[in-house]
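All remarks here apply to the structure that follows.
Hydrogens, waters and symmetry mates play no part in the numbers below; they use all other heavy atoms, side chains included. Each chain gets a letter, A, B and so on, in the order the sequences are listed, and its residues count up from 1.
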Amino acid sequence: MMEKGSHFDAIVVGSGITGGWAAKELTEAGLKVLLIERGRKIEHQLDYETEMKAPWEMPFRGEGNADLYAREYPVQRLNRHFTEFTQGHFVNDAQNPYQTGPDTAFTWFRSYQLGGRSLTWGRQSYRWSDYDFGANKRDGHGTDWPIRYADLAPWYDKVEEFIGVSGAAEGLPQLPDGKFQPPFALNVVEQAVRERISANWPERRLTIGRTANLTQEKDGRGPCQSRSICARGCSYGAYFSTQSSTLPAAQATGNLTLITDAAVEKIDYDPKTRRVTGVRWIDSKTKTRYQATARLVFLNAGAFNSVHLLLNSASEALPGGLANSSGVLGTHIMDHANTLSAAAIMPGFEQWTTFGNRPTGVIIPRYRNMDAMDGAGHTRGFSFQGGALQSTWTAGKREAGIGADYKRHLQKPGPWRMVLVAFADCVPRATNRLTLDRTKVDANGIPQLHIDFAFGAEENAALAQAKADATEMLTKAGGHVMFGFDRPGPGGTAIHEMGGARMGHDPATSVLNKWSQAHDIANLFVTDGAQMASSACQNPSLTYMALTARAAAHAVSLLKSSAI
Amino acid sequence: MTGWSRRSFLGAAALVAIHAAAPSGAEVLRRLDSDEEPPPHCRMLMRQVADLVIPDTDTPGAGAIGVGDFVLVGLAHGLEGTRLPPKAELAAAPSFAPYMRKDGSLDHAGWLEAKLGQDWLSQSPARREEILVALDAAAFKGDPTAAPWRAIKALILTGYYTSEVGGSQELNYELVPGRFDPKVPVKPDTRAYSSDWTAVDFG
């Protein structure tokens, strides 16, 4: 355990997707780094306990104990990756409560363990474009990003080349190509739908999902085995996680100190120097309090928990919380407005099936509100993800029939279906915000997070247009649309919650500068989703990683020049 | 089904785990206190029902591999939403009311026994099947008084196709495919993969 008065060059709070990157970059630059994780230690390969199990080896056959889930995992169980196999990679909601406003429905999906949500993420990895970084300036929602694509492009290159992203180059300005490993193939239905969409709408492109699953061996990590059970943990190291990728790199430097089961409660701040000086945490097992000091602090606790920590680090000198001279800390949180726009039966492919489980779907990048403003009632974009799949025995739950003929029917691969799920840009709003509920505390006595969040007319209009477009595309592709929705699921559904400590030009209206560095506190960096000033309509994790690597390089240069 | 309560399955996780190793019901019962055992006739009824839904063909059926007991455990733990309250008008209906638990959920197993008729097990095999076919048809035509059957049937399918026999003999199972082939011809002997998790989750 940490000695009293331990000192580091840098402290990184959180070991998930961005925390691992911060630790890697800072240690590789020669800094002595303390990486603090609130959850338990999960060793790569050794601790993926259910990875190789079959359903019949599980107490509830992979379905899980619904009774237990209703009591203790009422939110996490709604995550599409949550199963009996993976439940150990998600928080117990009953033990990790949060509050929501009276008009807020927000499903906050969390993974408190070494590696955080890097173990359970969807792995979709997309660059953002200048349509995204320029969105706030163009339509006036939120505040302008202080960076553009050109600022981030080399960092995208660096991240993709290190983590391994498979995908197909398409030459689309709205979804810039990257440094890709070979793509997974479209299945026979998706290939046909791609061709039929392109024939009808040349500006719309269905392409394979760009995913952080290796298709070629890389740096001792094996290629994907097409199991598609990633959230159990992957001993092949075939998908990017902290454990498979950034943590080994950081540990190889000899500069990393890692502690787990350590919930950070406050960041220490010296009002005389206007610098943070270190962090304090509670050992979750012993409830003992510890602290360490550092020249530099990186917050990577996940967007909402990083904001929580800044708010909870309020002091006499900074009663509104750390880095909050603007008063906007906690505001303008976002999540993609997410819904199933259309599901269709796809006849004509019954003679074909597939082998293996591809760990990615397809994407149709945004095509609305690019150079022409053609959104009906909205000014931004939506993209579709989804894919074509065959039904199987579970479809029998919806069908009449018993007996031998029924059994033979369920033995065959079922009809092809195709689903298109919309992810719509979420407008940043001051009313969507995080605060502390000081009347309710967690098991460590720390005030709980309070979430106020609602989608508005922009998102509803985008999803209405998405439903109409998806229906039209699948119909023209030969499908029979069964159903679709035009209203978003609860906030958090997309698991892309972000914002709350936005980046901006002006210290009066934003928390961070263009280097993910607090305007108010030069040695404090926030490089997870909290820094986002807009949401785009594609998955954000790759951008968080690129911003983290960029911020780390900047921080190191400041440190080495004694500027901080 | 009187006397069989939620408490009956406090040790249900262990019960199911034992199933995996040894599908024999007798083996299960040895691990339970005598007052926690589901009544033998209840287990027999669910076994027979499961076997009619998925009978022996060139692979064993649901009855022989313990699916009936899996269904009882699943019902005790609320799989397929079976611990959620049914609609208020149904809960008060004569065919539901005697089987409502204190927590507002329906005792599906008790309901099924009554729905099939107290003498169902003593009927001829043909008559048993006839009665079950009628219940199944009613449930999937939207008859609300037959609706709980859909959850029971779903658990029978889950119990069977997630078993080693159902998952790896009746269907194919490949945990580590090693590759993705996007276009494979379907042949007369093609069987689906129980390890096609996307199909299982979203199909």
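Counting only heavy atoms from C-beta outward, the side chains of B/F202 and A/R417 never approach each other to under 4.5 Å. The shortest distance between side-chain heavy atoms of A/Y406 and B/V53 falls below 4.5 Å. Considering only heavy atoms from C-beta on, B/P182 stays 4.5 Å or farther from A/V188 through its side chain. Using a 4.5 Å heavy-atom cutoff, the side chains of A/W393 and B/L171 are in contact.
Ranked by non-hydrogen atom pairs under 4.5 Å with chain B, the options A/L68, A/N187, A/T83 are led by A/N187. Ranking A/A400, A/P55, A/G356, A/A70 against chain B, the residue ahead of the rest is A/A400, based on heavy-atom pairs under 4.5 Å. Taking A/G403, A/P359, A/G361 one by one and counting their heavy-atom pairs under 4.5 Å with chain B, the maximum is reached by A/G403. Note: B/P185 leads B/G78, B/G167, B/P185 in heavy-atom pairs under 4.5 Å with chain A.
Atom OG of B/S194 sits about 13.0 Å away from atom CG of A/L410, to the nearest 0.5 Å. Note that CZ of B/R83 and CZ of A/R71 are 10.5 Å apart. Values are rounded to the nearest 0.5 Å. Within the model, atoms CD of A/E57 and CD of B/E164 stand 8.0 Å from one another, a figure rounded to the nearest 0.5 Å. Here the CZ-OG1 distance, from B/F180 to A/T215, works out to 13.5 Å after rounding to the nearest 0.5 Å. Remark: A/T353 OG1 to B/D181 CG distance equals 10.0 Å, nearest 0.5 Å. Distance OG/A/S226 to CD/B/E174: 11.0 Å, rounded to 0.5 Å.
The heavy-atom pair separating A/I402 from B/L132 by the smallest distance is CD1-CD2, 3.9 Å. Nearest approach of B/A199 to A/S391, heavy atoms of both residues: CB-C, 4.4 Å. Closest heavy-atom contact between A/R408 and B/T57: NH1-CG2, 4.3 Å. The shortest non-hydrogen separation linking B/L79 to A/G64 is CD1-O, 3.4 Å. Residues A/A395 and B/G203 come closest through the heavy atom pair CB-O, 3.7 Å.
Because its NZ or CZ atom is not both nearer than 6.0 Å to the ring centre of B/W197 and within 45° of the ring axis, A/R358 does not count as a cation-pi partner of that residue.
If you measure heavy-atom distances from A/Q411 to chain B, the contacts under 4.5 Å come from both the backbone and the side chain. Only the backbone of A/L186 has a heavy atom closer than 4.5 Å to any heavy atom of chain B. Proximity to chain A is limited to the backbone of B/D56, based on heavy atoms less than 4.5 angstrom apart. Using a 4.5 Å cut-off between heavy atoms, B/F140 touches chain A through its side chain atoms alone. For a residue to count as touching a neighbouring chain, one of its non-hydrogen atoms must lie under 4.5 Å from one of that chain's; by this rule A/E84 does not touch chain B. Residue B/K187 touches chain A through its backbone alone, counting heavy-atom pairs closer than 4.5 Å. Contact annotation for B/L175: both backbone and side-chain heavy atoms come within less than 4.5 Å of a heavy atom of chain A. For A/Y69, no part sits under 4.5 Å from any heavy atom of chain B, backbone or side chain. If you measure heavy-atom distances from A/E350 to chain B, the contacts under 4.5 Å come from the backbone alone.
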Validation: residues 153-162 of chain B side-chain donor-acceptor distances under 3.5 Å, sequence neighbours left out:
| residue | atom | partner | partner atom | Å |
| --- | --- | --- | --- | --- |
| B/K153 | NZ | A/E399 | O | 2.6 |
| B/K153 | NZ | A/G401 | O | 2.7 |
| B/K153 | NZ | B/D136 | OD1 | 3.0 |
| B/T158 | OG1 | A/K397 | NZ | 3.2 |
| B/T158 | OG1 | B/A154 | O | 3.0 |
| B/Y160 | OH | A/K407 | NZ | 3.4 |
| B/Y160 | OH | B/T59 | OG1 | 3.3 |
| B/Y160 | OH | B/P60 | O | 2.6 |
| B/T162 | OG1 | A/R61 | NH1 | 3.0 |
| B/T162 | OG1 | B/T158 | O | 2.4 |

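Between the side chain of A/N357 and the main chain of B/S195, a donor-acceptor pair closer than 3.5 Å is present. A donor-acceptor distance shorter than 3.5 angstrom exists from the side chain of A/K412 to the backbone of B/T190, with no hydrogens or angles considered.
Aromatic rings from A/W56 and B/Y173 are positioned such that their centres are separated by under 6.0 Å.
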